[in-house]
K.L.:
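Structure in C-alpha cells, see below.
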Number of protein chains: 2
Amino acid sequence: MAISGGPGRDRPEPSGEPELPDVDELAISGKEPPSARVPLSRGRILSAALAFIDEEGIGALTMRRLGARLGVEAMSLYRYVPGREDLLDGVVDALVIELDGDLDVLRTPEHGWQDFLQRMAHGVRRMAIAHPRAFPLIASTPPEAPWLRPPLRSIRWVETFLAGLLAEGFDDEQAVAVYRAFTSFLLGNLLLEVSQRGAALGPLDLVEEEEPANGLSDAPTIERLSALLADDNSLQEFEESLESLIDRITIQIVAGSGA
Amino acid sequence: MAISGGPGRDRPEPSGEPELPDVDELAISGKEPPSARVPLSRGRILSAALAFIDEEGIGALTMRRLGARLGVEAMSLYRYVPGREDLLDGVVDALVIELDGDLDVLRTPEHGWQDFLQRMAHGVRRMAIAHPRAFPLIASTPPEAPWLRPPLRSIRWVETFLAGLLAEGFDDEQAVAVYRAFTSFLLGNLLLEVSQRGAALGPLDLVEEEEPANGLSDAPTIERLSALLADDNSLQEFEESLESLIDRITIQIVAGSGA
DNA sequence: CGCACGAGGCTTACACCGTAAGAAGCACCC
DNA sequence: GGGTGCTTCTTACGGTGTAAGCCTCGTGCG
C-alpha cells in the first residue's frame with residue numbers, strides 16, 4: 001500500500017515537487033477519444049501502456065504508437081517516463097499496486113496466514129488472467145541490465161509479499177522460504193496457464209505437415225494429446241495445487257520450527 | 001531418437017530421419033577465431049547465438065552482431081534462419097535437444113517414472129543454471145504472433161516430455177496432468193532461482209536512497225531480508241520441492257485412478 | 001499592462017534495428 | 001569458355017529508442 005509517500009524511490013525529477021505519485025489514476029481506460037485535452041501524466045501513460053499491451057502485446061508497444069494512442073508525440077512521453085524499459089517496469093508495478101489495492105490483501109489479521117496466501121494467490125491469478133499478455137513481463141528480467149535488479153521486475157511485489165508474511169507472524173527466514181515457494185508456484189502455474197489459455201484458441205499450430213508415413217510414428221503423440229492440453233480445467237487444478245502447497249508449507253514450517 | 005550409441009561425443013543429428021536440418025552440430029563453441037572459412041550452417045548459427053546470449057543477454061543479440069561474431073554479414077544468416085524470432089525458437093529447441101540427449105532421459109524403463117521425473121527435472125535445472133540468460137526464453141511467448149503457438153516456445157519440449165511419460169505407462173490424461181504439474185513446477189522454481197542467482201551478485205539494487213526517516217519504516221523490510229533472499233541454498237530447496245511434488249503426483253494418480 | 005519564465009509538447013536528427021531485393025563471388029559440370 | 005547453382009555481400013527502406021533543442025502557452029510578478 002504505502003500511499004506513495006513511503007519507500008517509493010524518487011524518480012530523477014529533481015525539480016519542483018519532492019515526490020511524484022508513481023501511479024495515480026490508473027483508470028484502466030481504453031483508448032482516448034480525441035476529447036478535451038487531458039493533460040497527460042505518468043499514470044495516464046502507464047494505463048494506456050497496459051491497455052495497449054493487453055490488446056496488441058508487448059512487442060507491438062512502441063513509444064511512437066503509445067504516443068499516438070494518447071494523441072501525443074513520442075518524445076512527449078519522456079517527460080514522464082525515463083525510457084521504454086522503465087515504462088515496462090512501471091506497468092508491472094502498476095499491476096502489483098492494482099493487485100494489492102484490489103483485495104486489500106494485508107489488513108486481515110483475523111483469518112490467519114493460510115487465508116492470506118489464498119487471497120494473494122487468487123488475486124495474482126485474477127491479474128494474470130485479466131492481463132495475460134502483460135503478465136509474462138513480471139517473470140522476465142528486462143533485456144538491458146539483466147541482473148542487478150530485484151527478482152521478477154517488481155521490488156514492490158517482494159515488499160508487499162514479505163510484509164504480509166511478517167505481519168502474519170512468520171519470522172524472517174520462514175517468510176523468505178514461504179515467499180520463494182509461493183512465488184515460484186504462482187509463476188509456474190500462471191505462466192503455464194496463461195500460455196495454454198492462449199494456445200487453446202486453435203490447438204497447437206503445428207505447421208500442417210504431411211508426415212509421409214514415418215514408420216516410428218512419434219509425431220502423432222502431441223496431436224492426439226493436444227485437445228487434452230488445450231482443455232481448460234485449470235481453476236480446479238490451481239486450487240488443488242494451491243492447497244497442496246499450503247499444506248506443504250504447514251508441514252515444513254512445523255517440521256522446521258524445532259531447528 | 002537414434003540411440004546414439006555410447007559415450008561418443010557425436011551430437012544427436014538423427015541422420016536416419018527424412019530431413020531435419022534443424023540443428024546439426026551445435027558444438028556450443030565460443031566465438032570463432034578468424035580461422036579457416038568454416039562454411040556456416042544453421043547449427044553453427046544457433047550455437048553462436050546461444051553463446052552470445054549467455055554472454056551478453058537476449059536484448060544484445062542482433063542479426064548484425066551475430067553475423068559479425070561469425071565473421072559474416074547479417075544478411076547471410078537469413079539463408080539458414082527465417083528471421084530473428086525463429087532464431088530464438090531455434091535456440092530454445094537446441095537447448096531442449098541438448099537436454100534430452102545429454103542424459104538420455106528416455107530409455108530407462110527399469111527405474112520407474114519417479115526416476116524419469118527426477119532425471120528430467122535435474123536435467124532442466126542444469127540447463128537453466130548453465131544458460132541462465134537463455135532460459136527465460138523458454139517461458140516467454142514470442143512478442144510477435146503471441147498465441148497460436150505451443151506453450152513455452154518449444155513443441156519439442158512437450159513432445160519429449162509427453163512421450164517419456166507415456167513410455168512410463170501413464171495414460172493420456174495422466175500424462176497431461178503430470179506434464180502440467182511438472183512443467184509449472186520447473187518453470188516457477190527455475191525462473192525464480194535463476195533470477196535470484198543473478199540478483200545475488202550484489203543484493204538488491206535499491207538506488208541508494210536516503211529515506212528521510214519515514215515514521216512508518218516499512219522500507220527496511222526488504223533491506224533486512226535481502227541477504228536472506230540472495231542466500232543460495234536453492235539446490236536443497238529444489239530437491240525438497242521436487243520430492244514433494246512427486247509424492248503429490250503419486251497421491252493424485254492413486255486417488256484419481258478410480259475415475 | 002508588459003513580460004520573463006518555465007512546464008509541456010513538438011520537431012529534427014542520429015544510430016541502430018530487421019529484412020527485402022538483387023548483385024557479386026565462387027565451385028562445379030558441360 | 002559458358003552456364004548453373006549456392007553462398008555471401010551490398011544497398012536500401014521503413015521503423016525503433018532517444019538526445020537536443022525549439023515553440024507555445026498559462027502564469028506570476030514587476
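So you know, we letter chains A, B, ... as the sequences are listed, proteins then strands, and number each from 1.
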K.L.:
Rounding to an integer number of Å, can you tell me how far B/Leu70 CG sits from D/dC9 C1'?
P.N.:
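It is 15 Å, rounded to the nearest whole Å.
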K.L.:
Between P on C/dA21 and CZ on B/Arg79, what's the gap in Å once rounded to a whole number?
P.N.:
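Answer to the nearest Å: 13 Å.
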K.L.:
Report yes if at least one side-chain N or O of A/Ser76 is closer than 4.0 Å to OP1 or OP2 of C/dC10; otherwise report no.
P.N.:
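Result: yes.
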K.L.:
Between A/Leu190 and A/Arg125, does the side-chain contact (heavy atoms from CB on, under 4.5 Å) criterion hold? Intermediate values first, please.
P.N.:
CA-CA 7 Å; A/Leu190 299 181; A/Arg125 181 168 188 270; 3.8 Å; yes
K.L.:
For a quick test of your reading: what N or O donor-acceptor pairs under 3.5 Å do the side chains of residues 59-67 of chain B make, sequence neighbours left out?
P.N.:
from, atom 1, to, atom 2, distance (Å)
B/Thr62, OG1, B/Arg65, N, 3.3
B/Arg65, NE, B/Ala60, O, 3.1
B/Arg65, NH2, B/Ala60, O, 3.4

K.L.:
Could you tell me, to 10°, how much the axis swings from one end of the helix from C/dC1-D/dG30 to C/dC30-D/dG1 to the other, five pairs per end?
P.N.:
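About 30°, once rounded to a multiple of 10°.
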K.L.:
Within the side chain of A/Arg133, is there an N or O that forms a donor-acceptor pair under 3.5 Å with the backbone of A/Ile58?
P.N.:
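No; judged by distance alone, with no hydrogens or angles, the pair does not exist.
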K.L.:
Using a 3.5 Å distance criterion without hydrogens, assess whether the side chain of A/Ser184 forms a donor-acceptor pair with backbone atoms of A/Arg180.
P.N.:
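Yes: the side chain of A/Ser184 pairs with the backbone of A/Arg180.
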K.L.:
Closer than 4.0 angstrom, basic N to acidic O: yes or no for A/Glu98 and A/Arg126?
P.N.:
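No.
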K.L.:
With respect to A/Val96, which candidate in A/Ile138, A/Val124, A/Val91, A/Val158 satisfies the side chain to side chain contact (heavy atoms under 4.5 Å, CB included) definition?
P.N.:
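Single pass found, and it is A/Ile138.
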K.L.:
Check nucleotides 13-17 of chain D for protein N or O atoms closer than 3.5 Å to its own N or O atoms and list the pairs.
P.N.:
from, atom 1, to, atom 2, distance (Å)
D/dT16, OP1, A/Thr62, OG1, 3.4
D/dG17, OP1, A/Met63, N, 3.4
D/dG17, OP2, A/Met63, N, 3.0
D/dG17, N7, A/Arg64, NH2, 2.6
D/dG17, O6, A/Arg64, NH2, 3.0

K.L.:
Say you draw a straight line from CG of A/Leu95 to CZ of A/Phe135; how long is it, rounded to the nearest 0.5 Å?
P.N.:
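With rounding to 0.5 Å, CG (A/Leu95) is 9.5 Å from CZ (A/Phe135).
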K.L.:
In whole Å, I'd like the distance from the CD atom of A/Glu73 to the C1' atom of C/dC10.
P.N.:
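One finds 6 Å between C1' of C/dC10 and CD of A/Glu73, rounded.
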K.L.:
Whole angstroms only, please: what is the CE-C1' distance between A/Met75 and C/dC14?
P.N.:
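After rounding, the reported distance stands at 12 Å.
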K.L.:
Can any side-chain N or O of A/Thr183 pair as donor or acceptor with the backbone N or O of A/Tyr179 at less than 3.5 Å?
P.N.:
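Yes, because the side chain of A/Thr183 sits within donor-acceptor range (under 3.5 Å) of the backbone of A/Tyr179.
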K.L.:
With the side chain of A/Val72 defined as its heavy atoms from C-beta on, choose the nearest nucleotide among D/dT18, D/dT11, C/dG9.
P.N.:
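In terms of side-chain proximity for A/Val72, the closest of D/dT18, D/dT11, C/dG9 is C/dG9.
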K.L.:
To the nearest angstrom, how far is B/Leu40 atom CG from C/dC26 atom P?
P.N.:
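Spelled out: CG on B/Leu40 to P on C/dC26 is 16 Å.
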K.L.:
Rounded to whole Å, how long is the line connecting atom CD1 of B/Ile45 with atom P of C/dG18?
P.N.:
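Nearest whole value for this atom pair: 14 Å.
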K.L.:
If I take atom CG in residue B/Leu87 and atom P in nucleotide C/dC17, what distance separates them, rounded to the nearest angstrom?
P.N.:
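Result: 15 Å.
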K.L.:
In a check of side chain to side chain contact (heavy atoms under 4.5 Å, CB included) between B/Leu137 and each of B/Asp89, B/Leu50, B/Val92, which one passes?
P.N.:
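With B/Leu137 as partner, B/Asp89, B/Leu50, B/Val92 yield a single side chain to side chain contact (heavy atoms under 4.5 Å, CB included), made by B/Val92.
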